Amino acid sequence: MSIEITFPDGNKKSFDEPVTGLAIAQGISPGLAKKAAVIEVNGELWDLTRPIDRDATVSIVTRDKPQALEVIRHDAAHVLAQAVQELFPGTQITFGPATEVGFYYDFARELPFTEADLEKIEQKMREIVKRDLPITREVWPHEVAVKHFEQAGERFKAEWIRDGLAPDEELSIYRQGENWLDMCLGPHLPSTGKLGTAFKLTKVSGAYWRGDANNAQLQRIYGVAFATEDELKAYLKMVEEAEKRDHRKLGRALDLFHIQDEAVGQVFWHPKGWTLYRTLENYVRRQLEDAGYDEVKTPLLVDRKLWEASGHWENYRKNMFIAEVDEGEQDGQQRKAVLAVKPMNCPCHVQIFRQGIRSYRELPLRMAEFGACHRYEPSGALHGLMRVRGFVQDDAHIFCTEEQISAETVAFCDLLKRMYKDLGFEEVSVKFSDRPDNRAGDDAIWDRAEGALRKAVEEAGLPYTMNPGEGAFYGPKLEFVLRDAIGRDWQCGTLQVDFMLPERLDAEYVAEDGSRKRPVMLHRAVLGSFERFIGILIENHAGAFPFWLAPLQVVVAPIVSDADDYATEVCERLKRAGVRAETDLRNEKINYKIREHATHKIPVIAVVGRKEAEERTVTLRFRGQEQQQTVKLDAVVEHLHA
RNA sequence: GCCGGGAUAGCUCAGUCGGUAGAGCGACUGAUUCGUAAUCAGUAGGUCGCAGGUUCGAUUCCUGUUCCCGGCACCA
């Protein structure tokens, strides 16, 4: 038997018997063996301890590589599981994958874990790392594994092997030391010591078995793990930074909005927050006008008949706010009107489309609305401005022909990218969500809709990733994800192709040949909701909005009360030029005023003392800049935008 | 909705092993007119989320409830 191993540089080496990655690494250099985490064998990641029994092209993956990080995190999950089972016998293991920054493991246990348990568990994990237990891979027949887990009281593992695995699927068992093992796809590091010390348990929470709310509730423990201590530290710092940017905190600190118990999930916008909101709205409105949209406004309360016709009553009845009104008696019968507070705008837009007879000449018809919608979101979903029950979408529906889908998609993608850029977001990615299990319409329609959307997104020249089964019940969609200043992704924009609603609500137009045809509807939004988008803006800028968005742009602060009149004059001048300015005439020292307005992240503080009043100048102090500029009052407006 | 944690002054938080509470900041009043990130002094402010129960007595213990926080599930 001879096994030929090909290295990344093209060199080949023959072995007489199966050889492990570790042995190969050792053969190259002990240093490499020490740094090695896993080995890539014919494009697949293998354990270093797994004998390579066939000809292969290999590449040793050291622990500083991204692929290794996933293995480190996955190992951390297993060490966590072992630690928990050592500390809390009788706890069942289920699954524990790596995540974007770390790992988690779901356990079945009567008692939930407490924050205090986390410390103990983490210590136990470090102890297991110190023990440096070898991690080895074994392949077991399914029946043997089922029997083993059943005898060990591991119901979830046994169930998974029976129901979750294909009968011919290879079942690998990873042994960690003598007495602990878990079924797992791997790969893993050669021993627990290789995990290192750059990990930390972060939180406990509930989770459902196999992600389904109908299943058993499990106890999940989360952790973060990195290849080096420095990376862990950097991560923890990022978390701290994110906490400082929390829009709920900043919303209060900057007096933008509040939410209270009497209107859960709905926003009370304060003057500053509402100024920000209107500034954003006006910006969007201008963009839509330029892009050929017509703005409309439709009713908040609409009879249930329309929602039954659209299909929403059937699908989302539980999440709709209902208004019932007593309409008095007729023929001895109580009459009641049942209206739904609209959860979305599309059926209303179809009503406008249906007024009169539409011609193909009017298509594409782009109907936009800053549509106030209300959805009874589950209580646990609510989160500041990010998830609310009352919100306004920058919604629009494009009524067009099937042939126009591509061009409209391309135009929309352009508009969206331009707007994101204006709003400070350069990095945008696209996800394509296709037909979900629970859907309306037959497969032929879905084939057409998905095909049209795929063609359109390709024509737009945007790279995209698939998001299988995540489409809306009426059609496939593109989802646009932007990346914020500290690297977090937010899904905001969307474009959805809908062949269904025009049919259900009987929208039609007269085609060139005089026949009646159904238009296609494109549902689209750029921001998604104003509430959420403002939340994202707050966090992205850490409350320090760019000048054009800042609710209060300039504070004019006199140094002595002798300059109050002049300060007022300066402020009036700015206001007349359309600048959002205020004076601060309080009897406080200039230090105090500057500190206060700087903490409120005001873009410009205009300081005026006796000198400025005499010379009719203004001293401008820009946010984040030490140096200041003294300019003529007549020229002050130009200097603001610089 | 589910699991866990929490709710004390406008904000951030301390505290009471059951005897009705305190700090800093903010607010208010007075003094100070001081040129680039906190001037000084004083005053006011709390049904300790809400409703029951136990108790001589509950903000504290128990039950329920509302809301918030971290996840999960959901997100037309």
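Note that the coordinates shown come from a computational prediction; the quantities given were computed from them, not determined experimentally. Numbers restart at 1 for each chain; the letters A, B, ... are given by sequence-line order, proteins then strands.
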So what does [X] touch, heavy atoms closer than 4.0 Å: a base, only the sugar-phosphate, or nothing?
| X | result |
| --- | --- |
| G311(A) | nothing |
| Y316(A) | base |
| K593(A) | nothing |
| H383(A) | sugar-phosphate |
| N319(A) | base |
| R389(A) | nothing |
| Y474(A) | sugar-phosphate |
| R220(A) | sugar-phosphate |
| K249(A) | nothing |
| Q219(A) | sugar-phosphate |
| N315(A) | nothing |
| P378(A) | base |
| T114(A) | nothing |

Partner nucleotide of [N] by Watson-Crick or wobble geometry (both distances under 3.5 Å):
| N | result |
| --- | --- |
| rC25(B) | rG10(B) |
| rG70(B) | rC3(B) |
| rA31(B) | rU39(B) |
| rA51(B) | rU63(B) |
| rC56(B) | rG19(B) |

Taking the side chain of [X] as its heavy atoms from C-beta onward, which of [options] lies nearest to it?
| X | options | result |
| --- | --- | --- |
| A213(A) | rA73(B), rC34(B), rG35(B) | rA73(B) |
| S379(A) | rC67(B), rC34(B), rG1(B) | rG1(B) |
| Y592(A) | rA38(B), rG4(B), rC72(B) | rA38(B) |
| Y222(A) | rG35(B), rA73(B), rC72(B) | rC72(B) |
| V607(A) | rU36(B), rU33(B), rC68(B) | rU36(B) |
| N591(A) | rG1(B), rA37(B), rC72(B) | rA37(B) |
| V560(A) | rC34(B), rA76(B), rU36(B) | rC34(B) |
| I594(A) | rU39(B), rU36(B), rG71(B) | rU36(B) |
| P343(A) | rC72(B), rA76(B), rC69(B) | rA76(B) |

Interatomic distance at [atom1], [N] relative to [M], whole Å:
| N | M | atom1 | answer |
| --- | --- | --- | --- |
| rU54(B) | rU43(B) | P | 43 Å |
| rA58(B) | rU29(B) | P | 39 Å |
| rG49(B) | rG42(B) | P | 31 Å |
| rA37(B) | rA31(B) | C1' | 24 Å |
| rU59(B) | rU8(B) | P | 15 Å |
| rC3(B) | rU12(B) | P | 28 Å |
| rA9(B) | rC25(B) | C1' | 12 Å |
| rC17(B) | rG22(B) | P | 15 Å |

So, E612(A) side chain and G609(A) main chain: donor-acceptor pair closer than 3.5 Å or not? yes

Donor-acceptor pair (no angle test) under 3.5 Å: [X] side chain, [N] base:
| X | N | answer |
| --- | --- | --- |
| Y208(A) | rG71(B) | no |
| E612(A) | rG35(B) | yes |
| R387(A) | rC74(B) | yes |
| R252(A) | rC11(B) | no |

Less than 6.0 Å separating the ring centroids of [X] and [Y]?
| X | Y | result |
| --- | --- | --- |
| H523(A) | Y474(A) | yes |
| W160(A) | F95(A) | yes |
| F425(A) | F480(A) | no |
| F113(A) | F107(A) | yes |

Measure the distance from [atom1] on [X] to [atom2] on [N] and round it to the nearest whole Å.
| X | N | atom1 | atom2 | result |
| --- | --- | --- | --- | --- |
| D246(A) | rC69(B) | CG | P | 9 Å |
| K611(A) | rU36(B) | NZ | P | 11 Å |
| L256(A) | rG10(B) | CG | P | 20 Å |
| E596(A) | rU36(B) | CD | P | 18 Å |
| M320(A) | rC75(B) | CE | C1' | 15 Å |
| L306(A) | rA76(B) | CG | P | 19 Å |
| Q628(A) | rA37(B) | CD | C1' | 12 Å |
| E115(A) | rG6(B) | CD | P | 10 Å |

On a heavy-atom basis, the closest approach of L306(A) and C348(A) is CD2-N, 4.5 Å

Check the phosphate of rC69(B) against R248(A), side-chain N and O only, distance under 4.0 Å to OP1 or OP2. Yes or no? yes

Looking at rC34(B), I'd like to know if its phosphate oxygens (OP1 or OP2) sit under 4.0 Å from a side-chain N or O belonging to R610(A). yes

Toward the 5' end of RNA chain B, which comes first, A598(A) or L382(A), by nearest nucleotide? A598(A)

Want to settle it: does K203(A) or E479(A) sit nearer the 5' end of RNA chain B, counting the closest nucleotide to each? K203(A)

Indicate yes or no: at least one non-hydrogen side-chain atom of [X] is less than 4.5 angstrom from one of [Y].
| X | Y | answer |
| --- | --- | --- |
| K611(A) | T630(A) | no |
| L385(A) | F391(A) | no |
| L382(A) | R389(A) | yes |

Should we say atom NZ of K305(A) is surrounded by more than 12 heavy atoms from elsewhere, each under 6.0 Å from it? no

